[in-house]
Chemist: 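Input: one structure, supplied below.
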Amino acid sequence: MLKKLGLKKLGQKKLGVLATVATVLWATGGAFAFPDKPVNYIIPFNAGGESDISARLQQPYFKKITGDDLIIQYQAGAGGAQAWSVLNDQPGDGYTIMGTNLPHIILQPLLQKPGYETADLTNIYMFHFTPDALLVRADSKFETIQQVIDAAKETPGALTVGGTATNTANHIANQRFSTLTGAEMTYIPYTGTGATIPALLGGEVELLWGYTTVAAGQGDKVRMLAVAQDKRHPLFPDVPTFKELGIDMVGGAYRGIAVPKSTPEEVRQQLSDIIGQINADPEFIKEMEQAGFAMLDVPYDGMEAFMGERQKIYEDVARQLGSLK
Amino acid sequence: MNAGRDIAGIVGSVFFFLVGAAVFAMSFEMTPLAAMFPRTVGAALALLAAFYVFAAMRGYRGEAVENGSTVGDQAEGLGRRIVLLATMIGWALLFPVIGMFVTSLAACAILMFTGLFERLSPGRLAIQLGAVLALVICFYLLMNSVLNIPMPRGILF
Amino acid sequence: MAFDLGSVLVQAFSPFNLLLALLGVVLGTIIGALPGLSATMAIAVLVPFTFAMDPASGLIMLGAIYTGAIYGGAYAAILVNTPGTPSAIATTFDGFPMAKRGDGDLAMTLATLASVVGGVIGAIALMTLSPLLANIALAFQSSEYFWLAILGLTLIASLSTGNVIKGLIGGAFGLILSMIGVAVVGGDVRFTFGSSALLGGIDIVSALIGLYCIPVLIDLVARPDRHLEPAPLGRGFRFFEALGLCAKNTVNLVRSSAIGTLIGILPGAGGSIASLVSYSEARRSSRHPERFGKGEPGGLLATESANNATVGGGFIPTLVLGIPGTPPDAVILGALLVQGIRTGPELFTQQSGIVYIFMFGLLIATLMMLPVGLLIGRYAYRFIVNTPKSLLVPLIAFMTVVGSFAIHSNPHDVVVMVLMGVLGWLLSLGGFGPSPIVLGLVLGQIAEQGFIRAYMIGGARDNFGGQLLFDRPISWAIVALIVITLGLPLLRLLRARSGNGKEAQP
């Protein structure tokens with residue numbers, strides 16, 4: 001009882017404090033703590049993608065903190081919609097959690113009928129994001145964003161830029177970039193991040209809307225022109241942010257964790273705290289950043305404000321994309 | 001079976017003609033890029049099907065496009081076929097509601113009798129039922145516990 | 001290259017790694033044999049265990065599972081006419097007729113031998129030519145994928161000799177099925193009729209299971225006779241007979257393995273196209289094309305060697321470029337990343353020890369497939385032949401339901417599987433076989449996206465024709481193959497008609 005009260009209060013505080021205090025609490029009250037059996041973690045995408053990799057990185061820390069396993073399951077389909085549309089049918093005991101992705105869970109209900117509404121998903125933590133990045137081949141003539149903008153303005157639509165599918169984070173990034181700078185490029189959709197890389201390296205497209213993870217994986221074969229982060233990514237200290245260049249773009253694909261609606265309030269908070277603890281582990285941060293991810297800490301009590309803000313941004317872009325059709 | 005017109009082929013082709021025409025018509029509600037393939041393929045399907053109906057009416061009949069499973073005399077064992085299909089459909093629709101284990105056990109038992117052609121002594125019947133039970137349990141455990149596939153539990157199990 | 005061959009060999013052949021390779025091959029074969037359970041799934045389940053091992057051992061195990069699972073796909077294809085994975089589609093064409101007439105033991109042995117040959121050739125290509133071949137992954141662009149898909153579709157024409165129109169109708173229907181769901185280009189929601197369950201489209205594997213397996217089940221319960229003709233007792237593996245057939249098909253095996261390796265390198269093509277194209281090539285260059293589809297060993301050898309060669313081929317872009325060649329490669333790549341191993345050119349220079357241990361491990365695992373496969377294959381065959389129908393029917397039916405559910409843990413896939421099965425059965429009554437539909441379904445997305453992307457890029461560069469064909473030598477080559485594949489039978493037919501008409505089919 002004491003533990004529950006303590007955690008509830010702690011949830012309001014800053015995360016760094018929480019992490020240390022919570023560790024002590026877990027160490028002392030571990031025997032009675034949630035969870036006391038393995039937790040199923042459903043990834044709504046195929047194994048091997050960014051959602052899977054970040055979950056795999058979380059796995060050992062979850063075990064370290066709680067003493068219980070985090071079992072990763074896959075339920076891919078319809079860009080994640082298939083799993084999200086059945087999340088609330090799962091038992092709400094905290095032992096079933098599901099990865100969620102932005103902008104997917106906002107854009108899908110806006111543009112299609114995916115079988116769920118954004119409000120149906122109870123997000124308890126947003127733990128990282130892969131910032132949008134504009135990439136070129138290492139031997140490309142483009143060295144800076146300005147050169148791209150100039151070339152695109154000279155012959156609108158002649159430059160091709162690849163990205164993943166339509167109405168996705170990449171597509172939105174392209175639309176926002178175009179709105180903010182007036183640079184018009186032809187957006188070429190591919191089936192997944194994996195398919196975009198050979199397209200860029202093989203010269204089918206001149207530029208690529210990708211993520212920092214792509215640049216981290218491809219090393220010196222690609223050049224990142226700018227990243228859509230507030231601050232420069234620790235792995236790429238030389239790559240400017242769009243903000244530095246006067247283009248107000250911060251965003252990418254955000255990843256978090258949601259629980260079924262029936263999950264009690266205190267379990268939501270406890271899960272949020274566990275994920276927060278994992279996110280505060282310096283080793284975990286190092287591994288995530290090495291892979292190109294950018295850390296993000298939106299705990300359960302900050303979720304409403306965060307989702308509200310993203311919802312507004314994506315609605316604007318969706319309107320622009322809709323008017324394009 | 002070899003005499004007369006290819007009635008079944010004509011019926012099938014009419015179905016395909018309707019599908020092709022519908023796809024062609026629906027493509028006009030799509031954005032230009034997404035409409036390109038449905039329009040082409042829909043038109044092609046409708047034309048091919050219409051051509052086949054025309055040819056078959058005039059007495060053309062080719063061989064069946066078939067490999068592997070042979071479609072023999074369809075009247076034979078019609079009752080069993082219908083039981084099998086009904087079981088499969090019921091199984092597919094009910095297992096998320098009632099639960100994988102119970103529906104599978106029931107369906108497998110029904111199918112066991114569907115596939116049974118000779119009379120069995122009660123002892124052998126019990127062995128076979130036991131084998132079906134073991135089969136369902138083994139697969140269920142393999143999926144649920146080894147491969148981490150969340151099996152729907154539904155109302156019962 | 002800074003690595004010591006001796007120490008690599010010692011590590012690759014360490015008892016622990018050998019044991020892992022053996023375990024991996026056995027597990028992979030069993031999982032691959034069950035329709036719906038894929039190599040991707042098996043690998044994903046085992047990835048956490050490999051974190052406890054050292055990276056090379058973990059990799060060997062994952063590679064062994066992968067190659068075993070691709071091989072295992074042949075079992076269900078031969079014994080119950082159900083391709084458990086898209087890469088085994090063409091295996092059913094000749095494998096099941098062979099089993100049906102009582103040559104199931106020979107078919108299993110042939111599939112094993114072909115898989116080993118294909119796997120070894122793929123692995124050797126991986127070991128020796130990786131950096132060179134990786135460039136192929138980059139040279140193939142949207143237009144080439146489009147033409148490759150069309151080349152695969154030409155197989156419809158040869159599969160449906162006797163009634164090409166029905167074959168083409170089936171193919172077009174399959175193409176339409178492939179369009180269901182959210183369009184990658186344009187983002188339109190197509191042909192879902194408001195159902196959110198169809199947004200993700202029709203899953204290929206569940207459609208495969210339904211179209212091929214439900215008619216088999218229906219046949220099984222309709223008649224009291226046996227599912228497969230049993231082999232006479234004491235005939236053994238028919239190993240030397242199979243070896244003799246392989247020797248006769250040496251060119252076929254090498255060509256199919258080469259096709260498998262090359263197509264395996266292409267991210268987004270994979271085992272299905274590789275085995276279809278090599279089947280089509282084997283049929284085209286055979287002296288008896290009319291025997292294909294009726295239990296011709298050459299067809300079985302072609303598909304099984306090609307799909308196992310994609311394993312080695314698929315690792316080439318995965319290890320050299322960090323671009324997964326196939327979905328299982330993506331999982332392995334993710335596992336490497338989590339272990340802190342960077343793929344790419346550095347992998348070959350800085351961590352070459354691990355890479356070469358892994359490659360040797362893959363080779364060993366492939367070779368182990370021979371004894372393991374012969375043994376498991378023999379028992380699987382006997383099991384299917386000797387199990388009474390009353391148990392075989394629930395067993396196969398349960399596999400179809402559980403297998404199609406397992407693909408995405410999605411109940412809708414099971415409904416799709418059953419509906420496709422009923423549809424496939426009804427259509428087969430009208431003489432429309434399942435294979436053209438399946439080819440359309442499997443190749444539709446690749447063809448459509450390839451064409452539309454080439455169209456968009458061509459539009460942006462004001463050079464559509466060049467982008468699609470004229471400026472692209474690889475496309476020329478594929479188009480030439482398409483013309484030959486379609487033209488040769490026509491030419492033969494014309495010659496037969498103008499001659500004494502001996503070869504002309506009635």
Side-chain angles (χ1 to χ4, degrees), chain A residues 42 46-49 52-53 56-57 59-60 69 71-79 81-83 85-86 108 111-116 157-160 164-168 171 185-191 194-195 197-199 201-205 216-219 221 287 290-291 321 325, chain C residues 40-41 43-44 47-48 51 137-142 181-189 192 194 196-201 203 266-268 317 321-324 327-335 337-338 340 342-346 408-410 412-413 445 449 453 456-457 459-462:
Chain A
I42 301 172
N46 279 320
D52 179 38
I53 291 169
R56 293 276 186 213
L57 288 169
Q59 222 172 2
D69 282 315
I71 296 175
I72 297 177
Q73 302 177 324
Y74 306 93
Q75 205 170 343
Q82 198 253 302
S85 61
V86 297
Q108 285 175 354
L111 300 169
Q112 310 153 1
K113 286 193 214 76
Y116 70 94
L159 279 182
T160 50
T164 303
T166 309
N167 302 328
T168 53
H171 194 191
M185 302 187 279
T186 303
Y187 177 80
I188 312 287
Y190 289 84
T191 36
I197 300 167
L201 295 180
E204 180 163 294
V205 290
Q218 290 302 317
K221 277 177 291 177
E287 286 176 7
Q290 273 298 316
L321 288 173
K325 273 180 189 166
Chain C
T40 317
M41 197 182 295
I43 292 169
V47 159
F51 291 157
L138 305 181
F140 264 70
Q141 297 183 354
S142 295
V182 180
V184 166
V185 181
D188 293 48
V189 180
T192 62
S196 61
L198 284 175
L199 279 179
D203 184 82
L266 309 176
L321 302 171
I323 301 166
D329 289 330
V331 186
I332 293 176
L333 193 63
L337 198 68
V338 172
R342 275 287 123 76
T343 50
E346 309 96 79
H408 298 305
S409 313
N410 186 355
H412 299 301
D413 285 338
Q445 280 294 304
Q449 287 177 24
R453 274 200 288 270
M456 290 172 84
I457 295 166
R461 292 179 187 158
D462 252 346

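Chain letters run A, B, ... following the sequence lines, proteins first and then strands; every chain starts at 1.
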Chemist: Can you tell me how far apart CD (A:Q108) and CG (A:N167) are? Round to the nearest 0.5 Å.
Modeler: 9.5 Å
Chemist: For A:A199, is it the side chain, the backbone, both, or neither that has a heavy atom closer than 4.5 Å to a heavy atom of chain C?
Modeler: neither
Chemist: Examine distances only and state if a side-chain atom of C:Q141 and a backbone atom of A:P198 form a donor-acceptor pair shorter than 3.5 Å.
Modeler: no
Chemist: Side chain from CB out, backbone as N, CA, C, O: work out which of these in C:S142 comes under 4.5 Å of a heavy atom of chain A, or both, or neither.
Modeler: both
Chemist: My understanding is that only residues two or more places apart in sequence, or in another chain, count here; which of them pass side chain to side chain contact (heavy atoms under 4.5 Å, CB included) with A:Q82?
Modeler: A:Q75, C:H408, C:N410
Chemist: Where the side chain of A:T186 meets the backbone of A:G157, is there a donor-acceptor pair that is under 3.5 Å apart?
Modeler: yes
Chemist: With a 4.5 Å limit on heavy-atom distance, are the side chains of A:Y190 and A:V205 in contact?
Modeler: yes
Chemist: For C:A137, is it the side chain, the backbone, both or neither that has a heavy atom under 4.5 Å from a heavy atom of chain A?
Modeler: backbone
Chemist: A:T166 side chain to C:V184 main-chain N or O, any donor-acceptor pair under 3.5 Å?
Modeler: yes
Chemist: First locate atom OG1 of C:T40, then atom CD1 of C:I332, and finally report the distance between them rounded to the nearest 0.5 Å.
Modeler: 9.5 Å
Chemist: Is there a side-chain contact between A:H171 and A:P189, using heavy atoms and a 4.5 Å cut-off?
Modeler: no
Chemist: Under a 4.5 Å heavy-atom cut-off, does chain A meet the side chain of C:L333, its backbone, both or neither?
Modeler: neither
Chemist: Which one of C:H412, C:Q449, C:R453 has the most heavy-atom pairs closer than 4.5 Å to chain A?
Modeler: C:R453
Chemist: Is it the backbone or the side chain of A:Q290 that comes under 4.5 Å from a heavy atom of chain C, or both, or neither?
Modeler: both
Chemist: Under a 4.5 Å cut-off applied to non-hydrogen side-chain atoms, are C:L321 and A:I197 in contact?
Modeler: no
Chemist: Is it the backbone or the side chain of C:V182 that comes under 4.5 Å from a heavy atom of chain A, or both, or neither?
Modeler: side chain
Chemist: Is A:A83 in contact with chain C via its backbone, its side chain, both, or neither, using a 4.5 Å heavy-atom distance?
Modeler: neither
Chemist: Pick whichever of A:P60, A:A81, A:G203, A:G49 has the most heavy-atom pairs under 4.5 Å with chain C.
Modeler: A:G203
Chemist: Which region of A:Y116, side chain (C-beta onward) or backbone (N, CA, C, O), has a non-hydrogen atom less than 4.5 Å from a non-hydrogen atom of chain C, or is it both or neither?
Modeler: neither
Chemist: Sort A:Q73 into side chain, backbone, both or neither according to what part of it lies under 4.5 angstrom from a heavy atom of chain C.
Modeler: neither
Chemist: Using a cut-off of under 4.5 Å for heavy-atom pairs, which of A:L159, A:N46, A:T160, A:I72 has the most such pairs with chain C?
Modeler: A:T160
Chemist: Tell me, side chain or backbone of A:A76 under 4.5 Å from chain C's heavy atoms, or both, or neither?
Modeler: both
